[in-house]
Amino acid sequence: MTAPATKLIHHPYSPPEGFAAPQPGIFKASTIIFPSVAAMRTRDWRHKSGYTYGLHGTPTTFTLEERIASLEGGLQCVLVPSGLAAIANVALALLKSGDEVLIPDNAYGPSKALAEGELAGFGITHQFYDPMSPADLSARINERTKLIWLEAAGSVTMEFPDLLGQVRIARERGVICALDNTWGAGLAFNAFDLDGKGLGVDISVHALTKYPSGGGDVLMGSVTTRDEGLHVKIKLTHMRLGFGVGANDAEAILRALPSMSLRYRAQDQAARTLAHWCAEQPQFARVLHPALSQAPGHSHWKEVCGAADASAGIFSVIVDERFTSAQVDHFCDALKLFKIGFSWGGAVSLVMPYALGEMRSKPQAHLARGFVVRFCVGLEAATDLREDLAQALKAALSA
Ligand SMILES: *Cc1c(COP(=O)(O)O)cnc(C)c1O
C-alpha cells in the first residue's frame, strides 16, 4: 500500500466512537475547552500533543496535515490560507534583515513580488538566478544566502531545471532549499528523495489550491518538512502570523484528495495529447511542455519524473512572431471551453496570454520572440478541447 492513490484513502484517522464513515468529519473551533487547568498547562500545540486553540489545529486540519505530509514524503506539515502564504511563511520563518534569498527567474510571479516588496522593505535582499544554469546558482551563493527557492517546472514557461544538481549545490554550500512543489503535487516525484538515495529538499511548499482541491473553489497552502527543528521554526512563525485555515476548506480538500492521482493522471494525458497536437500547428512556433522531447529541460524532467512518467496538465505555446498581441488576445477570447482565468488543477480548462518581456529579469534565447499562451487542462474530453483549439485558431490566427 505505497501508491499515493491508496495512501490518500487508507490513512490513519480516528472517527468518533462507533462512527467510522469513509470521510473525516468537520470539527470547528476557536475555543477548545480543557478538562482542567493542569491539562491546559501540559498541552503543547507545537507537538500536537492535544488541542489548544483553533488556530493551532483541529482534528480536521491535523488529518489534512498528516495526509499532505504523507503524500509528499515528509514528516511534518503546516497548513496556511493560500499557496502564496506558504511561500511567505517560509521566508518570514527563515530570513532576517541582512540575509539574502535566491529565487529562480522563472518562479511563480507573486513569489518574486514578495521578495521585491515586503522582504526588501525588511532589509532582506534577493537575487534571481538562471534556473537552467546550476553554475549561475552556485556563483550567486554568498555568506548572506540563507534560503534557495527551487521550482520545477518553472512558472508559465515550463523549463524543467536540473533539480538534482541544484539540491546538491544547496547541500554542499549548507543553504536550506525550499521547493515550490505545486506542479509535481507529490505525485510526479518525491521532493525529499529525488534520486532514490535520500537526496532531497529541506522544505516543500504546495498550493493545495490546485490539484489537491481540484475544484477551483478553495484557497490553501502547505509547508512540509522532514526536520523537526525546521518544522518548529515554521510553526512558530505560523502561529505569530495567525495563518490558520478554516475547517470547511480543509474538509473540501480532504474530500478531493482520494481522486487526486486519477485527476492528475487524466489531466496529464489530455495535456500531452493537446501539446503534441499544438506542436503540429504552424501558428505555434514552440510548445513548452517538459515531457515533450524538444522542450527546455526535457532530460531533467525525465531524470526526476521518468519513473512515474508524470507531468502536470499544464503547458504553454509560443505563438509565431507574425501575430500581434491583439490577435493572440482574440485567440484566447475565441476559445469556448478554455475559460480565461488564473490558477489550475480544477475541472474547467483555462487559458491565459502572457507578455514575457515583463516577467523575466534576464532574456532567454528560446523566449526571444512571440507571445506566450498558457493552457491549464481540466477534465473535459480531450477531443472536445482539441476542437475548441482548432476553431479558435481558425477564427483568430489564420495560417
Ligand atoms: C497557484 C500557485 C501558487 C499560489 O497559490 P495560491 O493558493 O493561489 O496563493 C504558488 N506557486 C505555484 C507554482 C502556483 O501555481
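Just so you know, ligand 1 is whichever comes first in the structure, and atom 1 is the first atom listed for that ligand.
- The hydrophobic cluster containing Tyr264 does not contain Leu262, counting ILVMFWY residues as joined when their side-chain heavy atoms lie under 4.5 angstrom apart, directly or transitively.
- Ring planes of Phe128 and His126: tilted class, angle from 30 to 60°.
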Counting only pairs under 3.5 Å, give me each side-chain donor-acceptor contact of residues 180-191, with atom names and distances, residues two or more places apart or in other chains.
{"residue": "Asp180", "atom": "OD1", "partner": "Thr182", "partner atom": "N", "Å": "3.2"}
{"residue": "Asp180", "atom": "OD1", "partner": "Thr182", "partner atom": "OG1", "Å": "2.7"}
{"residue": "Asn181", "atom": "ND2", "partner": "Glu72", "partner atom": "OE1", "Å": "3.2"}
{"residue": "Asn181", "atom": "ND2", "partner": "Ser204", "partner atom": "OG", "Å": "3.4"}
{"residue": "Thr182", "atom": "OG1", "partner": "Ala207", "partner atom": "N", "Å": "3.0"}
{"residue": "Asn190", "atom": "OD1", "partner": "Phe192", "partner atom": "N", "Å": "2.9"}
{"residue": "Asn190", "atom": "OD1", "partner": "Asp193", "partner atom": "N", "Å": "3.4"}

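- Considering only residues two or more places apart in sequence or on other chains, Asp227 meets the side chain to side chain donor-acceptor pair (under 3.5 Å) condition with none of them.
- Taking a heavy-atom cut-off of under 4.0 Å, ligand 1 is surrounded by Ser82, Gly83, Leu84, Tyr108, Glu151, Asp180, Thr182, Ala207, Thr209, Lys210, Leu219, Trp344.
- No more than 12 heavy atoms of other residues, nucleotides or ligands lie within 6.0 Å of CZ in Arg255, so this atom counts as exposed by the packing criterion.
- For Gln23, the side chain to side chain donor-acceptor pair (under 3.5 Å) criterion is met by no residue, not counting sequence neighbours.
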